[in-house]
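Everything below concerns the one structure shown next.
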Amino acid sequence: MPVQNAEIAEMFDHTAELLEIKGDNPFRSRAYRNAARVIERLPKSITGLLKAGEDLSELPGIGKDLAGKIAAIVTTHKFDVLERLKRELPGDLGEIAALPGLGPKRVKLLYDSLGVRTLDDLRRVIQSGRLRDLKGFGLKSEQKLVAALAKPPAERRFKLVEAEAEAEALLAYLRKTKGLAEAVVAGSFRRRRDTVGDLDVLAIARNGAAVGNRLVRYENVAHVVAHGPTRTTIILRSGLQVDLRVVPKASYGAALMYFTGSKAHNIALRGLANDHGWKLNEYGLFDDRRRIAGATENEIYRKLGLAMVPPEMREDRGEVALAATGDLPKLITLGDIRGDLHVHSRWSDGTASIEEMAIAAKARGYAYIAITDHSKHVTIAHGLDSAHLARQLDEIDRVNERLSGFTVLKGAEVDILADGKLDLPDKVLVRLDLIVAAVHYKFDLSRKAQTERIIRAITNPYVSVIAHPTGRLINERVPYEVDMEEIIAAAAEHGCCLELNGDPDRLDLDDIHAHAAKLNGVRLAISSDAHAIGGLGNMRFGVDQARRGWLEAGEVINTRPIAELRMLLKRRH
DNA sequence: GCCGTTTTCGGCCCGACTGTTTTCAGTCG
């Protein structure tokens with residue numbers, strides 16, 4: 001089993017953590033963390049890159065030294081630096097450092113003076129009263145730790161759609177604050193990440209304390225973590241953390257940028273400001289003490305010699321360099337979408353008729369949809385057999401006769417059987433405009449078998465799109481084991497599209513894989529997978545993730561007019 | 001440990017809040 005990128009990233013993160021606790025050069029541990037981020041989001045496997053003879057030190061944040069260390073890890077499956085650190089600092093210090101209020105310095109102090117190596121050690125020194133006598137610790141620290149040890153915070157990120165519901169209610173409440181000019185959610189929410197760790201709320205008001213005071217009185221607050229004049233942190237009953245920051249109007253752009261992040265993007269911009277001899281913080285861009293920009297994001301980017309970077313791209317994945325040369329991609333927007341290619345009806349497990357779905361799609365400004373009900377293998381969803389599907393095609397003809405300026409395409413979401421064959425015979429498939437193929441069972445095949453299974457479907461000339469290619473359900477089901485690099489390569493070779501499923505529980509492909517598909521010339525279909533009229537609205541989540549993958553309209557097939565789309569689909573069979 | 005139009009050394013983003021202290025270090029984002 002070759003070493004996965006995520007394993008190398010994990011080793012580097014762990015190394016960084018132990019280096020911090022040890023008190024090593026902080027920039028060295030930052031280098032490990034940076035490298036971990038670079039490796040983790042790499043669209044290709046490190047093992048594959050090495051096999052192809054690529055020079056890893058070409059990657060940003062990875063120099064000669066780390067390149068050598070990575071090569072050694074791939075060979076030995078071990079990282080000697082980390083092994084040494086673990087021997088030097090035994091126990092589970094990472095677990096201790098994860099507790100609120102405990103960082104590397106205090107973990108080291110606990111380790112050196114009280115011999116705390118595990119959570120149980122920590123419990124013991126609290127019980128014996130030795131903790132509160134330690135310099136820098138007191139009653140408050142002790143109480144905080146007792147609470148945290150009793151009920152470890154659920155380390156979970158919220159689906160974007162869940163965060164949206166919380167955000168809307170909270171903003172509506174905060175906007176009633178007297179003297180508040182603006183309140184928005186920044187952070188990963190604004191960058192439209194598929195999951196959100198906390199809500200970063202930015203407000204403009206003369207009297208910052210008034211907004212914070214209102215926030216702590218919000219009915220859904222479970223716990224106030226911190227509460228100052230310009231910054232307040234609370235935990236909602238749902239467990240979602242909210243960080244509120246209030247700034248004056250002149251700083252709005254700078255604060256929005258700062259609070260939108262990502263942290264890595266901010267650090268890159270601050271470095272650029274430094275190059276000019278300026279300073280960038282959440283209050284503005286400063287030449288000495290004079291603010292030279294700050295009211296809008298646009299003006300700050302411009303001063304730094306950059307084009308405005310869309311929030312979805314602010315991940316320090318090369319966007320700063322592109323913004324400097326004016327080569328940012330023109331990201332796809334919801335308005336570019338002309339149709340939806342994965343839609344269910346009452347014929348299988350949907351709740352609306354074909355005509356109702358078509359009319360709702362037309363009302364959204366679309367020119368077409370494809371009805372893609374399940375095939376027979378998915379019995380739980382009342383999948384269609386050949387005869388049933390044939391009757392559905394007649395029904396689609398009738399609906400098309402009644403509609404003007406709109407087309408219902410004949411499709412099916414056909415099951416990919418365990419051996420990679422399709423669940424419906426070719427003589428039926430040939431009558432369809434498009435086939436979306438998907439895995440719905442036997443998620444536990446080996447990586448090799450699962451990859452071969454899907455590639456077999458890709459090579460089938462009738463298959464236009466592979467639906468939700470990794471099968472993940474966010475926070476519920478991990479992706480099945482599959483070699484996405486090989487799948488993308490096969491899709492590129494056979495001209496098969498991959499789906500970016502906009503169902504907020506799926507968002508599959510994710511941003512990284514969508515970007516990898518783009519780099520390999522694979523076209524995507526962004527689809528809602530709607531099972532009801534309201535589900536057509538999932539499209540916007542799909543577009544969000546496509547933007548995070550740097551996709552442009554031309555790389556997404558359902559931005560094409562119907563005639564062009566038909567040409568693209570026909571080319572395969 | 002990385003990086004370079006300040007290039008092989010000497011930098012590396014910046015500020016708010018807390019707790020424990022009595023002027024600030026540590027943590028956090």
Side-chain angles (χ1 to χ4, degrees), chain A residues 12 15-16 19-21 23-38 56-70 79 81 96-110 131-145 148 153 186-188 197-202 208-209 212 216 224-234 241-247 251 254-255 257-286 304-305 316 320 324:
Chain A
F12 282 2
T15 303
L19 285 173
E20 280 164 5
I21 292 170
D24 203 285
N25 175 3
F27 298 106
R28 189 172 165 222
S29 49
R30 182 193 287 179
Y32 275 106
R33 286 202 197 278
N34 283 343
R37 297 292 77 72
V38 168
L56 297 182
S57 69
E58 300 278 311
L59 295 169
I62 293 173
K64 282 265 175 308
D65 184 84
L66 283 181
K69 284 175 169 144
I70 293 168
F79 184 27
V81 175
I96 300 172
L99 292 168
L102 288 190
K105 294 274 168 36
R106 304 180 94 195
V107 169
K108 181 69 162 39
L109 182 64
L110 285 168
L131 181 93
R132 72 178 82 158
D133 293 336
L134 207 56
K135 187 174 156 57
F137 287 82
L139 193 60
K140 279 271 179 71
S141 319
E142 185 183 295
Q143 286 169 345
K144 233 184 190 173
L145 287 174
S188 53
D198 59 10
L199 289 181
D200 297 301
V201 181
L202 175 66
V216 299
V224 177
V225 179
H227 183 33
T230 67
R231 182 170 198 153
T232 300
T233 299
I234 57 119
Q241 178 168 318
V242 178
D243 294 316
L244 169 73
R245 189 68 187 269
V246 192
V247 298
S251 298
M257 234 163 122
Y258 159 77
F259 235 6
T260 297
S262 67
K263 194 173 174 178
H265 180 81
N266 286 348
I267 289 175
L269 293 194
R270 286 172 179 191
L272 238 128
N274 275 353
D275 294 345
H276 287 89
W278 300 329
K279 191 174 70 171
L280 178 62
N281 59 30
E282 60 264 54
Y283 296 108
L285 182 61
F286 294 89
L304 291 173
D316 194 26
V320 177

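None of these values were measured; they are calculated from a predicted model.
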Q: Could you check how far CG of A/Leu134 sits from P of B/dA25, rounded to whole Å?
A: 17 Å
Q. Which whole number of Å gives the distance between the C1' atom of B/dC2 and that of B/dT7?
A. 13 Å
Q. Quick one: A/Asp243 CG to B/dT27 C1', roughly how many Å, whole number?
A. 13 Å
(Q) I want to check one thing: is the phosphate of B/dT18, taken as OP1 and OP2, less than 4.0 Å away from some side-chain N or O of A/Lys144? (A) no
Q.
On a heavy-atom basis, which atom in A/Ala35 and which in A/Leu66 lie closest, and how many Å separate them?
A. CB-CD1, 3.7 Å
Q) Taking CG from A/Asp133 and C1' from B/dG19, how many angstroms apart are they, rounded to a whole number? A) 16 Å
Q | Integer angstrom distance from the P of B/dT20 to that of B/dT27 | A | 13 Å
Q. How far does the C1' atom of B/dT8 sit from the matching atom of B/dC3, given to the nearest Å?
A. 10 Å
Q.
Looking at B/dC3, which nucleotide sits across from it as a Watson-Crick or G-U wobble partner, both distances under 3.5 angstrom, or is there none?
A. B/dG10
**Q.** Ion pair A/Glu282/A/Arg231, N-O distance below 4.0 Å
**A.** no
Q: Give A/Lys108 one of three labels, base, sugar-phosphate or nothing, depending on what nucleic acid heavy atoms sit under 4.0 Å from its own.
A: nothing
(Q) Considering every strand and a 4.0 Å limit on heavy-atom distances, what is the contact class for A/Leu139: base, sugar-phosphate, or nothing? (A) sugar-phosphate
Q) Given atom CD1 of A/Ile62 and atom C1' of B/dG1, what is their separation to the nearest angstrom? A) 11 Å
(Q) Which label fits A/Phe79 and A/Tyr32: parallel for a plane angle under 30°, tilted from 30 to 60°, or perpendicular past 60°? (A) tilted
Q: Pick base, sugar-phosphate or nothing for A/Asp275, based on heavy-atom distances below 4.0 Å to the nucleic acid.
A: base
Q. Between B/dC12 and B/dT18, how far is it from one C1' atom to the other, in whole Å?
A. 27 Å
**Q.** Atom-pair distance (CG on A/Leu102; P on B/dA25), nearest Å
**A.** 19 Å
Q) A/Glu20 and side-chain hydrogen bond (donor to acceptor under 3.5 Å, both in side chains): which partner among A/Arg33, A/Arg28, A/Lys108? A) A/Arg33
Q. Under 4.5 Å between any side-chain heavy atoms of A/Val320 and A/Leu272, yes or no?
A. yes
Q: Take atom P in B/dC24 and the same atom in B/dC13, then report the distance between them in whole Å.
A: 24 Å
Q) Can you check the A/Lys135 NZ to B/dT21 P distance for me, whole Å? A) 7 Å
Q: Would you please confirm or rule out a distance under 4.0 Å between OP1 or OP2 of B/dG19 and any side-chain N or O of A/Gln143?
A: no
Q. Looking for any heavy atom pair under 4.0 Å, which part of the strands does A/Glu142 touch: base, sugar-phosphate only, or nothing?
A. nothing
Q | Same-atom distance (C1') from B/dC14 to B/dC9, integer angstrom | A | 24 Å
Q: Would you kindly give the CG-to-C1' distance between A/Leu56 and B/dC2, to the nearest whole Å?
A: 15 Å
Q: Find the distance A/Leu272:CG to B/dC3:P and express it as a whole number of Å.
A: 16 Å
Q) Roughly how far, to the nearest 0.5 Å, is NE2 of A/His265 from CZ of A/Arg270? A) 11.0 Å
Q. Taking OP1 and OP2 of B/dT20, is either one under 4.0 Å from a side-chain nitrogen or oxygen of A/Ser141?
A. yes
Q. Is the NZ or CZ atom of A/Arg106 positioned over A/Phe137's six-membered ring, under 6.0 angstrom from the centre and within 45° of the axis?
A. yes
Q.
Taking only the P atom of each, what is the distance from B/dA16 to B/dT21 in whole angstrom?
A. 24 Å
Q) Just by protein heavy atoms under 4.0 Å, how would nucleotides 11-17 of chain B read 5' to 3' in B, S and -? A) -BBBSSS
Q | Closest non-hydrogen atom pair, A/Asp316 against A/Ser262 | A | N-OG, 4.5 Å
(Q) Ring centres under 6.0 Å, that's the criterion: do A/Tyr258 and A/Tyr283 meet it? (A) no
**Q.** Side chain of A/Arg106 (C-beta onward), nearest among B/dT20, B/dG26, B/dG1
**A.** B/dG26
Q: Nearest-nucleotide wise, let me know which of A/Pro104 and A/Gly136 is further upstream toward the 5' end of DNA chain B.
A: A/Gly136
Q | Pairwise P distance, B/dT6 and B/dG1 [rounded to whole Å] | A | 27 Å
